[in-house]
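Right, one structure below, let's go through it.
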Amino acid sequence: MKLRFLPEARWELDSAAAWYENHSLSASARLLDEYERVQQKIKRNPQAHVRAEFYTGPREVRRCQLKKFPYIVIYECRGVNPISELIVVAVSHTSREPLYWVERLSSI
């Protein structure tokens with residue numbers, strides 16, 4: 001299964017890691033390790049995670065919370081039985097507006 005990042009999602013992850021790095025190198029490394037763990041979890045079973053809250057559009061958009069960090073990975077599942085591609089749409093801080101990333105779906 002192919003995993004693809006939208007550039008905005010990559011920027012969000014990199015920005016979060018940079019913020020943590022300014023406070024603690026180990027915190028930044030833990031954030032990236034946790035993101036990697038979540039990414040593998042999503043790839044193993046993409047439909048095990050809940051649908052994105054408040055999103056009512058036609059796409060299959062799901063979310064997975066990072067442990068010990070206030071971030072959610074928002075991704076779209078593409079293809080049907082089996083899913084052929086996962087697209088990371090956002091790596092969202094939990095305090096952000098819930099649907100700020102919706103416009104990104106029109107670019108994919």
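Rounding to the nearest 0.5 Å places CG of Leu31 at 11.5 Å from OG of Ser26.
The list of salt bridge (Lys or Arg N to Asp or Glu O under 4.0 Å) pairs with a residue in residues 97-106, not counting sequence neighbours, reads Glu12-Arg104. Among pairs with a residue in residues 23-46, those fulfilling ring-ring contact (aromatic ring centres under 6.0 Å, His included) read Phe5-Tyr35, Trp19-His23, at least two apart in sequence or across chains.
Legend: residues meeting ring pair (Phe, Tyr, Trp, His ring centres under 6.0 Å) with Trp11, ordered by chain and number and at least two apart, are absent. Residues satisfying the side chain to side chain contact (heavy atoms under 4.5 Å, CB included) test with Ala27, not counting sequence neighbours, are Tyr20, Ser24, Arg30. Thr94 pairs by the side chain to side chain donor-acceptor pair (under 3.5 Å) definition with nothing, not counting sequence neighbours. Every salt bridge (charged side-chain N to carboxylate O under 4.0 Å, His left out) that Arg37 has, sequence neighbours left out, goes to Glu34. The salt bridge (charged side-chain N to carboxylate O under 4.0 Å, His left out) search around Glu53 returns Arg63, not counting sequence neighbours. Partners of Arg51 by side chain to side chain contact (heavy atoms under 4.5 Å, CB included), not counting sequence neighbours, listed by chain and number: Glu60, Arg62. With sequence neighbours excluded, the residues forming a side chain to side chain contact (heavy atoms under 4.5 Å, CB included) with Arg59 are Tyr55, Val61, Glu76, Arg78, Leu105, Ile108, listed by chain and number. With sequence neighbours excluded, the residues that form a side chain to side chain contact (heavy atoms under 4.5 Å, CB included) with Lys43 are Leu3, Gln39, Gln40, Leu86.
Linking ILVMFWY residues whenever their side-chain heavy atoms come closer than 4.5 Å, directly or via other members, leaves Ile42 and Leu6 in distinct clusters. Note on Ile87 and Tyr100: same hydrophobic cluster, where clusters join Ile, Leu, Val, Met, Phe, Trp and Tyr whose side-chain heavy atoms are under 4.5 Å apart, directly or indirectly. Cluster annotation: Val89 is not connected to Ile83 through the hydrophobic network of ILVMFWY side chains, with a link wherever side-chain heavy atoms come within less than 4.5 Å. Cluster annotation: Leu13 is connected to Val73 through the hydrophobic network of ILVMFWY side chains, with a link wherever side-chain heavy atoms come within less than 4.5 Å. Val38 and Leu32 fall within the same hydrophobic cluster, defined by Ile, Leu, Val, Met, Phe, Trp and Tyr side-chain heavy atoms under 4.5 Å apart, directly or through other members.
For the pair Val88/Ile74, no side-chain contact is recorded, criterion being any heavy-atom separation below 4.5 Å from C-beta on. At least one side-chain heavy atom of Asp14 sits under 4.5 Å from a side-chain heavy atom of Arg10. Side-chain contact between Tyr75 and Cys77 is present, with at least one heavy-atom pair separated by less than 4.5 Å. Between Tyr71 and Ser92 there is no side-chain heavy-atom pair separated by less than 4.5 Å.
Pairing each heavy atom of Ala17 with each of Ser28, the nearest pair is O-OG, 3.0 Å. Residues Gly79 and Ser84 come closest through the heavy atom pair CA-OG, 3.9 Å.
Clustering of Ile, Leu, Val, Met, Phe, Trp and Tyr side chains at separations under 4.5 Å leaves Val50 isolated, with no partner residue.
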Are Lys41 and His49 close enough, and set up right, to give a side chain to side chain contact (heavy atoms under 4.5 Å, CB included), and what steps lead you there? CA-CA 9 Å; Lys41 189 176 170 183; His49 308 287; 3.5 Å; yes

